[in-house]
Visitor: 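Please read through the structure below; I'll follow up with questions.
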Amino acid sequence: PQTVTVTADDDDVAHGAQTFSLSLSAASADAAYDDGGAVAWLPAATVAVRVVDDDTAGIVVDTSALFVAEPGRAAGGIDDELTVVLRSEPDGFASVLIDFSLSVGGAAALTVTPASLTFPAADWDVPQVVVVDAVDDGVETGSRAFTLSLAATSADGAYNAGPFVPTAAVAVTVADDDFQRAAIVLSAQRGLMTEDALSPAEHVDYTVVLATAPTANVVVTAALLGGGGDEALIARAPPTDTLTFTPDNWDEAQTFTLYALGDDVASGNADYTVVHTAASADGEYDGAAARFTASDRVVVTRVDDDVARVVLSAGALTVAEGQAAASTYSVSLSAQPTQAVTVTVAPEGAADAAQMAPTPTELVFDAGDWDEPQTVTVTADDDDVAHGAQTFSLSLSAASADAAYDDGGAVAWLPAATVAVRVVDDDTAGIVVDTSALFVAEPGRAAGGIDDELTVVLRSEPDGFASVLIDFSLSVGGAAALTVTPASLTFPAADWDVPQVVVVDAVDDGVETGSRAFTLSLAATSADGAYNAGPFVPTAAVAVTVADDDFQRAAIVLSAQRGLMTEDALSPAEHVDYTVVLATAPTANVVVTAALLGGGGDEALIARAPPTDTLTFTPDNWDEAQTFTLYALGDDVASGNADYTVVHTAASADGEYDGAAARFTASDRVVVTRVDDDVARVVLSAGALTVAEGQAAASTYSVSLSAQPTQAVTVTVAPEGAADAAQMAPTPTELVFDAGDWDEPQTVTVT
């Protein structure tokens with residue numbers, strides 16, 4: 001197989017998961033593999049590619065908390081700024097409007113400039129600045145907290161108003177300037193920060209300022225409640241964890257910054273509390289006497305950026321009964337587990353288990369190999385029933401002491417916890433006979449003539465417990481000239497592959513009719529739909545030649561004028577046997593010779609037995625039928641069926657059986673059809689793939705040919721349209737097969 005790799009276009013638009021199509025075409029001087037002809041594809045000439053989006057619509061702000069102070073910047077107070085940008089590009093040419101709103105009381109205490117923001121489609125990723133300022137009220141209210149909310153509306157549904165509209169919220173602390181006594185002012189009591197994110201938009205900044213001038217330096221210290229165990233999960237800046245205020249800079253806000261350190265574990269969000277204390281020679285700002293305007297604590301939420309999911313490389317597979325190339329998909333985890341995770345793979349039900357099997361049935365992931373994909377191979381049960389292509393399900397389950405990966409909890413699967421497996425059947429219903437021609441001779445076996453036997457068996461096992469009835473019929477005139485025993489055959493389900501014998505004999509008519517040809521037809525009926533009567537009922541037909549015993553002069557009798565043989569098949573059921581006998585006793589030996597019309601060029605495709613190509617009849621054995629056997633030699637080329645003609649001649653000292661004077665009762669020729677067992681198809685290992693944006697493990701499928709081409713074959717792989725090409729890409733885009741590597745699968749990788 002040659003491999004095609006498909007990659008997804010990593011754009012910035014939040015359009016969700018989408019399915020696109022890859023179209024394959026074949027070009028070759030070998031017509032069986034050229035799209036100008038009727039090239040066949042397995043399973044189809046298109047591959048469905050599901051592109052999983054890694055973008056989400058949202059509003060990104062550079063801080064979770066603002067601090068402003070009365071009486072406002074223009075009068076010597078403090079304002080603060082908020083930077084806003086979109087998380088993803090709006091779809092198409094849509095713009096996005098961001099509106100602001102304040103919690104109760106905020107409109108009287110704060111001003112927001114501008115009152116709204118508009119992001120044109122071309123500038124969605126250009127940050128815009130919003131200024132928030134305090135309004136002086138002249139009243140000692142103490143520090144107050146408000147919430148500034150941001151909401152989006154747009155023609156892009158991902159950003160449009162509704163219950164799931166992208167929103168953001170920022171805490172705003174207003175420091176009062178009307179204090180009558182000493183106090184420490186913290187700009188925020190809550191904050192939000194994203195794990196392992198060092199950008200200003202995703203960590204927590206808050207400020208500290210004094211309400212009155214101290215008489216000595218004041219040192220404010222921040223410390224995590226609980227101490228050391230949390231240090232690995234949260235870090236502070238500046239590293240000293242202290243801010244120093246002097247009698248000169250007491251009214252200048254200073255900043256603490258909190259960062260969340262990262263890991264690969266999906267542990268969920270968590271709250272942490274930062275406690276502040278003060279120390280000073282000024283008794284009002286020292287130890288327990290120090291007063292905080294609202295609280296001495298800031299609670300920050302650490303947002304986990306890891307999501308626990310079991311990730312499958314494909315949601316659907318195609319596997320053929322008896323195929324050489326295995327169908328596979330891979331399994332991995334999206335986040336590091338805290339305990340070992342066991343993923344069990346099993347057919348969903350008894351019917352599924354009867355038709356296909358996964359290997360292995362258990363995958364184990366731990367903290368060291370969670371992101372290394374493990375492969376599951378799916379094979380089809382190669383039964384004997386012709387049930388056509390069917391789709392079954394593999395079910396996956398997860399078990400772990402880590403609740404995020406345990407089916408007792410809410411483990412997530414991508415794309416789903418089942419894999420649809422399409423099993424392509426390699427069995428076809430049919431009636432198999434051991435010869436294409438029979439020879440019988442009057443007056444029938446009981447009176448010294450010749451009968452012949454036909455062996456009949458089914459090509460495939462009937463479905464369930466159904467039996468199959470085979471009925472016989474003869475072409476016009478056959479019923480008077482022939483007897484068929486038994487008149488019908490029944491194949492029980494348990495003995496479908498046990499051959500049964502039918503005897504065909506001649507009826508003596510006492511009239512010189514010459515050799516006559518009839519057709520014996522076989523048709524099946526059954527409770528199994530594949531064998532039931534209808535326009536597609538399995539049938540078979542055998543040519544029957546009846547030799548006349550009422551000759552008045554010499555003649556050579558051939559038992560058949562037509563035959564059917566399968567390429568490279570040496571079993572009696574699939575080569576051609578026909579007999580030769582003389583009509584009258586010769587006066588000398590008669591040598592009958594068989595030769596292929598056209599000679600040497602065909603010898604590589606057809607062989608005869610006995611090797612001498614001759615049969616000798618004497619005055620003693622002239623009426624004993626002797627046999628010629630024709631075999632079709634095999635190759636791997638899908639060249640189609642072909643007819644060959646075998647010509648017979650006779651030589652004898654008896655003038656009536658010599659050369660041109662020798663008479664054949666019907667014809668001196670037997671035409672045999674060589675049935676080609678090779679079918680030209682381009683074979684794909686899968687008809688559908690799932691590929692995730694930015695995934696480490698590539699999604700692949702393989703391509704090969706089912707038969708040897710006579711010329712090089714180029715298979716081109718391309719996205720079906722512009723929308724498909726924008727979202728994923730195959731590698732390589734061209735696969736070349738020739739007579740030497742046609743059956744070696746080549747891999748296509750899709751990203």
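Positions are given from 1, in the same order as the sequence printed here. In what follows, every heavy atom counts, from backbone to side chain, and hydrogens, waters and symmetry copies are set aside.
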Visitor: Test side chain to side chain contact (heavy atoms under 4.5 Å, CB included) on Leu312 and Trp413 and set out the steps.
Guide: CA-CA 8 Å; Leu312 280 62; Trp413 298 82; 4.0 Å; yes
Visitor: Just do the side chain to side chain contact (heavy atoms under 4.5 Å, CB included) check on Val209 and Thr207 with the steps written out, would you?
Guide: CA-CA 7 Å; Val209 72; Thr207 62; over 6 Å; no
Visitor: Can Ser400 and Asp406 be counted as having a side-chain donor-acceptor contact under 3.5 angstrom?
Guide: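 The criterion, which ignores hydrogens and geometry beyond distance, is not satisfied for Asp406 and Ser400.
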Visitor: Which heavy atom of Val170 sits nearest to which heavy atom of Thr63, and what is that distance?
Guide: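 Minimum heavy-atom contact is CG2-O, 3.7 Å.
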Visitor: With a 4.5 Å heavy-atom cut-off, do Val419 and Leu317 have their side chains touching?
Guide: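 The answer is yes; the side chains approach within 4.5 Å.
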Visitor: Please evaluate residues Val717 and Tyr701 with respect to the criterion side chain to side chain contact (heavy atoms under 4.5 Å, CB included), reporting the C-alpha separation (whole Å), side-chain torsions for both, the decisive distance (0.1 Å), and the verdict.
Guide: CA-CA 12 Å; Val717 186; Tyr701 64 95; 3.5 Å; yes
Visitor: Assess the side chains of Ser88 and Asp12: does a donor N or O sit below 3.5 Å from an acceptor N or O?
Guide: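 Result is no, nothing qualifies.
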Visitor: Main chain of Trp124, side chain of Glu89: is a donor-acceptor contact present, judged purely on distance under 3.5 Å?
Guide: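 Checked: no pair found.
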Visitor: If every non-hydrogen atom of Ala211 is compared with every non-hydrogen atom of Tyr285, which pair is closest and at what distance?
Guide: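 Nearest pair, atom of Ala211 first, then Tyr285: N-OH, 3.7 Å.
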Visitor: Tell me whether Gln254 contacts the main-chain N or O of Thr244 through its side chain, where contact means a donor paired with an acceptor under 3.5 Å.
Guide: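 Yes, Gln254 side chain to Thr244 backbone: donor-acceptor pair under 3.5 Å.
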Visitor: Is there a side-chain contact between Thr221 and Val219, using heavy atoms and a 4.5 Å cut-off?
Guide: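 Yes, at least one pair of side-chain atoms sits under 4.5 Å.
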Visitor: Looking at Pro120 and Ser95, what are the two nearest heavy atoms and their distance?
Guide: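 So the two residues come closest at CA-CB, 4.0 Å.
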Visitor: Is there a side-chain contact between Ser332 and Val310 (heavy atoms, below 4.5 Å)?
Guide: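 Side-chain contact under 4.5 Å: no.
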Visitor: Treating Asp402 as the side-chain partner and Thr338 as the backbone partner, does any N or O pair qualify as donor plus acceptor under 3.5 Å?
Guide: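 Checked: pair present.
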Visitor: Which pair of heavy atoms, one from Ser280 and one from Val218, lies closest together, and at what distance?
Guide: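 Heavy atoms of Ser280 and Val218 come nearest at OG-CG2, 3.6 Å.
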Visitor: Nearest heavy-atom pair of Pro358 and Leu394: which atoms, and what distance?
Guide: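 That would be CG-CD2, 3.8 Å.
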Visitor: Ignoring hydrogens, what is the shortest heavy-atom contact between Glu372 and Phe365? Give both atom names and the distance.
Guide: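 Smallest interatomic distance, heavy atoms only, reads O-CE2, 3.7 Å.
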Visitor: Run Thr277 and Asp296 through side chain to side chain contact (heavy atoms under 4.5 Å, CB included) and show every step you take.
Guide: CA-CA 7 Å; Thr277 57; Asp296 62 351; 6.0 Å; no
Visitor: Over 60° means perpendicular and under 30° means parallel, so tell me whether His276 and Tyr206 are parallel, tilted or perpendicular.
Guide: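 Taking Tyr206 first and then His276, their aromatic rings stand perpendicular (interplane angle over 60°).
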Visitor: Without swapping roles, check the side chain of Ser699 against the backbone of Thr690 for a donor-acceptor pair under 3.5 Å.
Guide: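 At least one qualifying donor-acceptor pair exists.
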Visitor: Please list every donor-acceptor pair under 3.5 Å in which a side-chain atom of residues 74-83 meets a protein atom from a residue at least two apart or in another chain.
Guide:
residue	atom	partner	partner atom	Å
Asp79	OD1	Arg73	NH1	3.3
Asp80	OD2	Phe67	N	2.9
Thr83	OG1	Asp62	OD2	3.2

